[in-house]
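Here is the structure we will look at.
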Amino acid sequence: MSLLEIRNLSVEFDTAAGPFRALAGVDYTIEAGEVLAIVGESGSGKSVAMLALMGLLPDTATVTADKMTFEDIDLRSLSAARRRKVIGKDIAMIFQEPIASLNPCFTVGFQLDEALKTHTSLDRRQRRDRVIELLTAVGIPEPERRVGAFPHQMSGGQCQRVMIAIATACNPKLLIADEPTTALDVTIQKQILDLLTGLQRDHGMGLIMITHDMGVVAETADRVVVQYQGRQMETADVLTLFENPSNPYTKALLSALPENATGDRLPTVADFARDYAKETQAGTEARP
Amino acid sequence: MSDAILKVRDLKRGYEIGGGLFSAPRLLHAVKGVSFDVERGTTLAVVGESGCGKSTLARMLTMIDAPTSGSIEIDGTPIDIARSGITREMRQAVQIVFQNPYGSLNPRQKIGAVLEEPLLLNTSMSAAERRDAALAMLAKVGLKPEHYGRYPHMFSGGQRQRVAIARAIMLRPRLLVLDEPVSALDLSVQAQILNLLADLQDEFGLTYVFISHDLSVVRYIADKVMVMYFGEAVEYGTRDEVFENPQHDYTRTLFAATPKADVASIRARLEKKKAAAG
Amino acid sequence: MTDTPTPAVSVEAESRNATRQMLAEFWFYFSRNRGAVVGLVVFVTLVLVALAAPVVAPHDPDMQYRDSFLTPPFWSEGGKTAFLLGTDAVGRDILSRLIYGARFSLFIGLVVVTIALTGGIVLGLVAGYFRGWVDTVIMRVMDVVLAFPSLLLALVLVAVLGPGLVNAMIAIALVLQPHFVRLTRAAVLAERSRDYVVAARLAGAGNLRLMFKTILPNCLAPLIVQATLSFSNAILDAAALGFLGMGAQPPTPEWGTMLAEAREFILRAWWVVTFPGLAILITVLAINLVGDGLRDALDPKLKRS
Ligand SMILES: Nc1ncnc2c1ncn2[C@@H]1O[C@H](COP(=O)(O)OP(=O)(O)O)[C@@H](O)[C@H]1O
Ligand SMILES: Nc1ncnc2c1ncn2[C@@H]1O[C@H](COP(=O)(O)OP(=O)(O)O)[C@@H](O)[C@H]1O
Ligand SMILES: [Mg+2]
Ligand SMILES: [Mg+2]
């Protein structure tokens, strides 16, 4: 049994310009203890997919799926609020903007404590110890002193560490990281990625790593889903994907990496995009 | 010996920060004395983490802010905006492209007006001539004539960055400062913009100061590389010198932290993981 | 790519298309707010009625019908269908006076907002753009104005200038002005360090161009919302001044003045106070609803691309 299984997920938004299909039939499967990377350009529907799963989309969105189960719980039959209650402890999520995801009015210690209060039955003392323990685990120096710090007193990397601490506070079975390092410098990115994969390994969590950066995929993933304009282009394990990608989009994307450059101009995905646009306009869905 | 279009010597810039009601302002040195030359038609890449003073340097080079001390010379002309202000010639010599394509275009200005503004303010061209120049420039940066009348929010990030580049070269500058021009863009779009920059460099003989935090991009585009760390240039040399044989510890840390997307390193990582698990 | 129309034609067409698309998008977000649409309908009706007052009003507003003092509305006992909403103490038709009064109220709103907006924008732009001592001086003066209860200050101003509709409008405009100054200044502060402003400066734009052509259009959204709210405020304040005898002078059919004249008959003839009061209420409510809708449509934070 898979940890999370989603089949044929589609999301449509009601917008000024009429209905907009942000996701058109994507499938995700993740096993316990696996790192799945979802990679795609901005606007390819990566975040929308995860928000749909968590029931966090605005009510202008229509979500449909053939199957959406988390450990045998059918999520489709639950209302959004009920769903968050059921899976809130087992699925945690961290976002791209670490400083914006923390509440600026409360200390990080308080925010961690809140997370523990809602999802566990620990008493005050135990919670306090657990907060220190968590902050230590995510590598915040001097955690005893830092519990009283406000988010603006910490750097972006430290805020992301706190977010990770909050997300992992209740030992979730699945952690969704939505571009967790996009706003951070490479040296900090490296630390955060190491931290995430370390925690994932130690706790045997499932980890969904959403990113647009092929380097992050290469450094973290076991399996990869490549997404383009709301459609799934390719699913493969990471080595296969980089060694011999089967989908033309993946091929184009990998050859656009500057480190793979051969001539004095980079190959781009423009040709692919043009063909793709034609194909989808003709009505033939380019699904691999 | 060389044909340096830009000569920078011991450039410094401090910001006064803090200084509330009860405390004296503190001086923060954002750029602590950097020196470099850029030769005509080449690209100098400036690398470093956020906060190390790259944008501050860019703003001094493009005469947005005046340096605290030090000298900038463009094509043999010393630049000192604090004393002499900016002349039309100086403005035509250097232009800038900003990182965030969403913030650098006026949301209430149509693309045509964006491109024509520099011409309107600096030349005596007629409206029809300006329009022709703008349309020609649109074609040059890979946009279509029908984009002329649209507003910025109708464009994607990559298209906006094309517009920003087009605006910067409307006055045919000799030196273009690019402050993280591809950092906010997707990989595929990044490749297109890098190609566009290479095309424009060939066509107009442009000189670039290319600011970035992405080493793979720098390695691809640069002739010379300067690594900055807390306002100081810790490494400065040709691309091959810097990448083959980094001198400073920080440069090595930076290299080690950059994700590697080649098959060999993925394989090594998976092996290691398997070993740890098994 | 399939067809390449001659550039000249397509450039013009696209330019118009782009403008039309902006308007369409604006209307989409505005019309999502039901209350705003209702408010707009009421407001537009009001404007039309005011414009066509001589045609739609059944009677001359100043005509005194000696045979029907304090006639109740037509549905009450003793009412006449000739006077749908009844007559006042000197026999003038209330409906006609209300219809003509709409002209005054809308005129007051328009003039006050125009004066306050223009002054507020100029002062706010100067303060926010130049900062330094100019900013300090302007903002401290505005703080002083804001420190007075607004109606009281308006009263004092009218007392100095002398009672009358024009002076009342000037006084109200002065009282409302600081809100616009503050709002403009805040928006200018947020915009002036944005990259597009720096880029325009690098392109050679001078201070005036930067202020009015580059920055100002991007600050208009909150100002437009505030303008609608001030429009209704102006009507209210004008009515209050009129009621206190400091605004429009009788026999002007201004709503506040009508209320003031009717004061002594509140207990005997409910209609002489109720209908002007209702007219003010409905107008103010409609305009505030429109303001709400404008906020929805103009605030980029509430939108998604
Ligand atoms: N609330 C919304 N209303 C309308 N469109 C939306 C909304 N949220 C996202 N979208 C659209 O859905 C698409 C996918 O967005 P997203 O999943 O955020 O992309 P990303 O892959 O960068 O995370 C985008 O085109 C975006 O504009
Ligand atoms: N206007 C300013 N006032 C005060 N400090 C500033 C200002 N601009 C930048 N700084 C500081 O100067 C340093 C360098 O900033 P910047 O040049 O923007 O870095 P980078 O572009 O490399 O990320 C940072 O520590 C930043 O906080
Ligand atoms: Mg996203
Ligand atoms: Mg910067």
Side-chain angles (χ1 to χ4, degrees), chain A residues 33 35 39-44 155-157 181-191 193-194 197-198 201 204 211-222 228 237-244 249 252-261 263-270 272-273, chain B residues 47-52 142 154 156-158 182-199 201-202 212-222 229 243 250 252-274 276-277:
Chain A
V35 183
V39 62
E41 317 184 354
S42 59
S44 57
S155 69
T181 57
T182 302
L184 305 175
D185 284 318
V186 275
T187 49
I188 314 293
Q189 160 167 302
K190 171 113 181 121
Q191 297 165 7
L193 292 181
D194 287 348
T197 45
R201 198 180 46 235
T211 180
H212 65 264
D213 186 340
M214 278 299 183
V216 172
V217 176
E219 296 258 318
T220 57
D222 297 324
Y228 179 68
D237 65 67
V238 61
L239 203 55
T240 321
L241 188 91
F242 280 86
E243 230 167 7
N244 42 27
Y249 174 69
L253 202 58
L254 285 172
S255 62
L257 284 172
E259 50 260 54
N260 295 348
D264 65 345
R265 292 292 184 277
L266 289 163
T268 69
V269 298
F272 167 81
Chain B
V47 209
E49 304 201 334
S50 60
C52 72
M154 302 171 177
S156 67
V182 293
S183 299
L185 303 179
D186 281 314
L187 180 60
S188 54
V189 184
Q190 163 179 307
Q192 293 169 2
I193 297 292
L194 290 178
N195 286 346
L196 171 66
L197 288 173
D199 290 344
Q201 187 162 45
D202 289 352
S212 177
H213 63 256
D214 186 339
L215 284 170
S216 55
V217 172
V218 168
R219 183 170 205 159
Y220 170 74
I221 201 170
Y229 184 55
F243 278 88
Y250 175 70
R252 286 188 217 117
T253 317
L254 210 54
F255 286 168
T258 304
K260 286 162 207 68
D262 56 309
V263 174
S265 16
I266 299 175
R267 194 166 278 143
R269 175 176 69 86
L270 293 176
E271 304 267 290
K272 216 160 89 194
K273 188 167 175 180
K274 205 179 279 169

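Naming convention: chains lettered A, B, ... in sequence-line order (proteins, then strands); numbering from 1 in each chain.
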Residues passing the side chain to side chain contact (heavy atoms under 4.5 Å, CB included) test with A/Gln191, sequence neighbours excluded, are A/Arg161, A/Ile188

Could you have a look at [options] and say which one has the most heavy-atom pairs with chain B under 4.5 angstrom?
options                      : result
A/Ala221, A/Ser255, A/Gly40  : A/Ala221
A/Ala252, A/Ala256, A/Ser42  : A/Ser42
A/Asp185, A/Asp213, A/Val238 : A/Asp185

Can you tell me which portion of B/Asp199 sits under 4.5 Å from chain A's heavy atoms? Options are side chain, backbone, both or neither. both

A/Tyr228 side chain near A/Glu41 side chain, heavy-atom distance below 4.5 Å: yes

Donor-acceptor contact present, side-chain A/Asp237 to main-chain A/Thr240, <3.5 Å: yes

Rounded to the nearest 0.5 Å, the CZ atom of B/Arg219 sits from the OG atom of B/Ser212 at a distance of 14.0 Å

Hey, what do you get for OH (A/Tyr249) to OG (B/Ser188), rounding to the nearest 0.5 Å? 5.5 Å

Side chain, backbone, both or neither: which part of A/Thr220 has a non-hydrogen atom closer than 4.5 Å to chain B? backbone

Of the backbone (N, CA, C, O) and the side chain (C-beta and beyond), which part of A/Val35 lies under 4.5 Å from a heavy atom of chain B, both, or neither? side chain

